[in-house]
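Notes for the one structure printed next.
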Amino acid sequence: MKGKRENWGSSFGFILAAAGSAVGLGNIWKFPYIAGENGGAAFIVVYLISILLIGIPIFISELIIGRKSQLNVVGAYKKLSNNSPFWSIVGYMGIFTAFVILSYYNVVAGWSIGYFFEGLKGTFNDFTTVELASNYFGNQTSSTFWIISWQLIFVALSVYVVFSGVRKGIEKYSKLLMPILLIILIFLAVWGSSLKGGSAGLAFLFKPNWGSINGKVILIALGHAFFTLSLGMGAIITYGSYFSKDDNILTSALWVVFLDTFIAIVAGIAIFTSVFSMGFNPADGPGLIFNILPTVFNKMPGGNIFGILFFLLLSIAALTSAVSLLEVITSYFVDNKNYSRHRVVIISAFITFLIGIPSAMSFGLLKDYQIFQKSFFDIMDFLSANILLPGGGLLIAIFIGWKYGYKKSLDALESGSNEWFKSNIFFAFLGKKVPAKKLSIGNVWFIFIRFIAPVLITLVFLKSIGII
Ligand code: TRP
């Protein structure tokens with residue numbers, strides 16, 4: 001019994017850190033607005049299926065790769081593939097992806113800190129209608145000075161956090177702050193549902209209209225499953241490298257996935273009940289929560305304080321996610337290039353700031369510069385979330401399923417797992433030990449990672465470009 005307790009204790013630290021990485025702007029800012037743009041409930045069903053069939057198996061795989069290699073993403077692939085040049089390139093692709101995501105993630109996180117200060121200034125008191133709020137948001141995000149200053153401040157904060165040690169500082173605070181964020185979201189969801197017209201929002205979220213589904217929508221839902229779980233580019237590999245052999249990979253993965261998904265759904269309820277009760281447009285785009293929530297705070301008793309707290313916590317959630325992305329880059333350069341950690345962090349963060357400037361200006365000066373009807377911001381988002389992450393995930397599945405192989409993967413997964421891990425999957429879920437050679441949890445996972453996940457991802461890619 002004693003050994004088991006300690007095991008739980010250490011897995012808990014990981015669950016917090018990984019949940020800190022997973023829960024971020026993806027859940028609270030991005031999920032509602034892309035669900036709104038892509039038809040609501042049907043999109044959400046595809047997103048949930050992607051999480052179950054593809055996200056969970058790949059999450060487990062990344063943890064295995066990280067724990068086995070105890071290295072950064074490039075080093076991990078190199079080590080476990082015996083220096084194959086192909087798999088090293090896959091590792092470098094992860095680092096490239098971290099730069100692309102951070103470049104525009106910093107921008108939106110900057111909006112969030114900016115809105116924390118707007119709350120302090122009392123700006124939300126003027127937002128008696130959503131139109132007023134969205135005009136204000138439009139003005140702020142088209143001001144190059146406003147937007148780039150907050151972006152830079154966010155980048156500086158993430159450098160500061162990485163300096164002072166990810167696991168010591170930020171984790172201590174997340175333990176306290178993330179539950180508060182969840183409570184605020186639950187409160188907003190209950191509040192929104194009680195508003196007149198709020199139930200139309202619930203119908204939008206939970207009553208699927210299958211007509212809205214097409215190849216592109218499926219790709220966006222799949223891409224978001226990767227984005228929200230921080231999968232497909234090595235962040236979980238990097239965090240998994242801090243895992244000990246006594247930690248339980250399976251239950252840790254399930255906890256993080258559950259928390260992340262739960263928070264996204266609660267955020268969705270909070271936003272869409274409000275959107276519909278105010279007669280606003282669910283397909284409003286990236287500004288959605290910045291337009292709708294301040295108006296909600298305006299109408300709520302004590303709402304201004306609530307609003308201040310909300311944007312503060314959202315900024316911190318964004319910070320714990322950005323830090324995990326920065327850590328992917330940092331750990332590679334520190335392990336391999338012998339540069340000092342401080343130098344690497346400052347230089348890489350500054351590069352993400354520079355390549356983020358066109359994204360920051362996509363809502364103002366660069367609004368009319370579009371390629372394929374996409375702004376620079378949209379291109380960065382599409383490239384990373386819908387191409388690089390699912391592509392990276394496909395490669396991870398192939399790596400574990402076909403290159404690293406059954407025996408080694410299963411050994412790696414079993415270490416630290418519960419006793420019933422090897423029993424028949426149906427009995428295991430009932431808490432009974434019935435030995436079964438074929439239908440153990442590990443075997444079922446391996447079937448998913450070797451066949452089901454890679455085939456599904458490939459089909460989604462083909463469908464999105466219209467080949468099938
Ligand atoms: N998952 C985070 C969010 O939802 C963003 C994030 C952090 C991320 N690390 C990542 C996305 C690694 C992809 C890969 O906000």
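Residues take their numbers from the sequence shown, with the count starting at 1.
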Please confirm whether the backbone N or O of [Y] pairs with a side-chain atom of [X], one donor and one acceptor, at under 3.5 Å?
{"X": "S61", "Y": "P57", "value": "yes"}
{"X": "S362", "Y": "F377", "value": "yes"}
{"X": "T129", "Y": "L132", "value": "yes"}
{"X": "N106", "Y": "L102", "value": "yes"}
{"X": "S21", "Y": "S321", "value": "no"}
{"X": "W29", "Y": "P286", "value": "yes"}
{"X": "N298", "Y": "F124", "value": "yes"}
{"X": "S143", "Y": "N139", "value": "no"}
{"X": "D335", "Y": "G75", "value": "no"}
{"X": "Q151", "Y": "V107", "value": "no"}

Among W146, F290, F127, find the residue that satisfies the ring-ring contact (aromatic ring centres under 6.0 Å, His included) test when tested with F137.
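The single option meeting the ring-ring contact (aromatic ring centres under 6.0 Å, His included) with F137 is F290.
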Which pairs pass salt bridge (charged side-chain N to carboxylate O under 4.0 Å, His left out) with one or both residues in residues 111-120, sequence neighbours excluded?
E118-K121
Any pair counted as salt bridge (charged side-chain N to carboxylate O under 4.0 Å, His left out), so long as it reaches residues 188-216, sequence neighbours left out
none
Tell me, yes or no, whether the heavy-atom count around [X] atom [atom1], taken from other residues, nucleotides or ligands under 6.0 Å, exceeds 12.
{"X": "I371", "atom1": "CD1", "value": "no"}
{"X": "K463", "atom1": "NZ", "value": "no"}
{"X": "I305", "atom1": "CD1", "value": "no"}

Worked verdict on M178 versus L181 for side chain to side chain contact (heavy atoms under 4.5 Å, CB included)
CA-CA 5 Å; M178 289 308 107; L181 178 63; 4.1 Å; yes
State, with a plain yes or no, whether a side-chain heavy atom of [X] is found less than 4.5 Å away from one of [Y].
{"X": "I65", "Y": "Y404", "result": "no"}
{"X": "I147", "Y": "Q140", "result": "no"}
{"X": "F206", "Y": "I44", "result": "no"}
{"X": "E37", "Y": "D284", "result": "no"}
{"X": "I60", "Y": "I236", "result": "no"}
{"X": "L182", "Y": "F262", "result": "yes"}
{"X": "Y33", "Y": "I289", "result": "no"}
{"X": "Y136", "Y": "T123", "result": "yes"}

Just how far is it from atom [atom1] of [X] to atom [atom2] of [Y], taken to the nearest 0.5 Å?
{"X": "L394", "Y": "I58", "atom1": "CG", "atom2": "CD1", "result": "8.0 Å"}
{"X": "L229", "Y": "D260", "atom1": "CG", "atom2": "CG", "result": "5.0 Å"}
{"X": "T97", "Y": "L389", "atom1": "OG1", "atom2": "CG", "result": "6.0 Å"}
{"X": "L325", "Y": "T330", "atom1": "CG", "atom2": "OG1", "result": "10.5 Å"}
{"X": "F187", "Y": "I184", "atom1": "CZ", "atom2": "CD1", "result": "9.5 Å"}
{"X": "S331", "Y": "Y239", "atom1": "OG", "atom2": "OH", "result": "10.0 Å"}

Residue pair [X] / [Y]: nearest heavy atoms and the distance that separates them:
{"X": "Y115", "Y": "A133", "result": "OH-O, 4.4 Å"}
{"X": "S81", "Y": "F399", "result": "CB-CE1, 3.8 Å"}
{"X": "V73", "Y": "G91", "result": "CG1-O, 3.9 Å"}
{"X": "S50", "Y": "A225", "result": "CB-CB, 3.8 Å"}
{"X": "W210", "Y": "A42", "result": "CE3-CB, 3.8 Å"}
{"X": "P282", "Y": "L288", "result": "O-CD2, 4.0 Å"}

Please determine whether a side-chain nitrogen of the Lys or Arg among D381 and K374 lies less than 4.0 Å from a carboxylate oxygen of the Asp or Glu.
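Here D381 does not pair with K374 in a salt bridge, since their nearest N and O are not under 4.0 Å apart.
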Measure centre to centre between the rings of [X] and [Y], then say whether the value is under 6.0 Å.
{"X": "Y332", "Y": "Y92", "answer": "yes"}
{"X": "F116", "Y": "F310", "answer": "no"}
{"X": "W191", "Y": "F306", "answer": "no"}

Apply side chain to side chain contact (heavy atoms under 4.5 Å, CB included) to the pair V328 and N72, showing each step before the final yes or no.
CA-CA 7 Å; V328 172; N72 65 82; over 6 Å; no
What is the ring orientation for Y47 with H224, classed by angle as parallel under 30°, tilted 30 to 60°, or perpendicular over 60°?
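Rings of Y47 and H224: tilted, 30 to 60°.
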Cut-off 3.5 Å, no hydrogens considered: what does the side-chain donor-acceptor table look like for residues 269-281, sequence neighbours left out?
unit_1, atom_1, unit_2, atom_2, d
T273, OG1, I269, O, 2.6
T273, OG1, A270, O, 3.3
S274, OG, A270, O, 2.9
S277, OG, S274, O, 3.2
N281, OD1, A283, N, 2.9

Apply side chain to side chain contact (heavy atoms under 4.5 Å, CB included) to I355 and M380, showing your working.
CA-CA 10 Å; I355 51 180; M380 288 291 144; over 6 Å; no
Would L312 and F117 count as a side chain to side chain contact (heavy atoms under 4.5 Å, CB included) here? Give the steps.
CA-CA 9 Å; L312 174 66; F117 275 90; over 6 Å; no
Check against side-chain hydrogen bond (donor to acceptor under 3.5 Å, both in side chains), S375 and D378:
CA-CA 5 Å; S375 65; D378 296 332; 3.2 Å; yes
Please evaluate residues T352 and S103 with respect to the criterion side-chain hydrogen bond (donor to acceptor under 3.5 Å, both in side chains), reporting the C-alpha separation (whole Å), side-chain torsions for both, the decisive distance (0.1 Å), and the verdict.
CA-CA 5 Å; T352 67; S103 73; over 6 Å; no
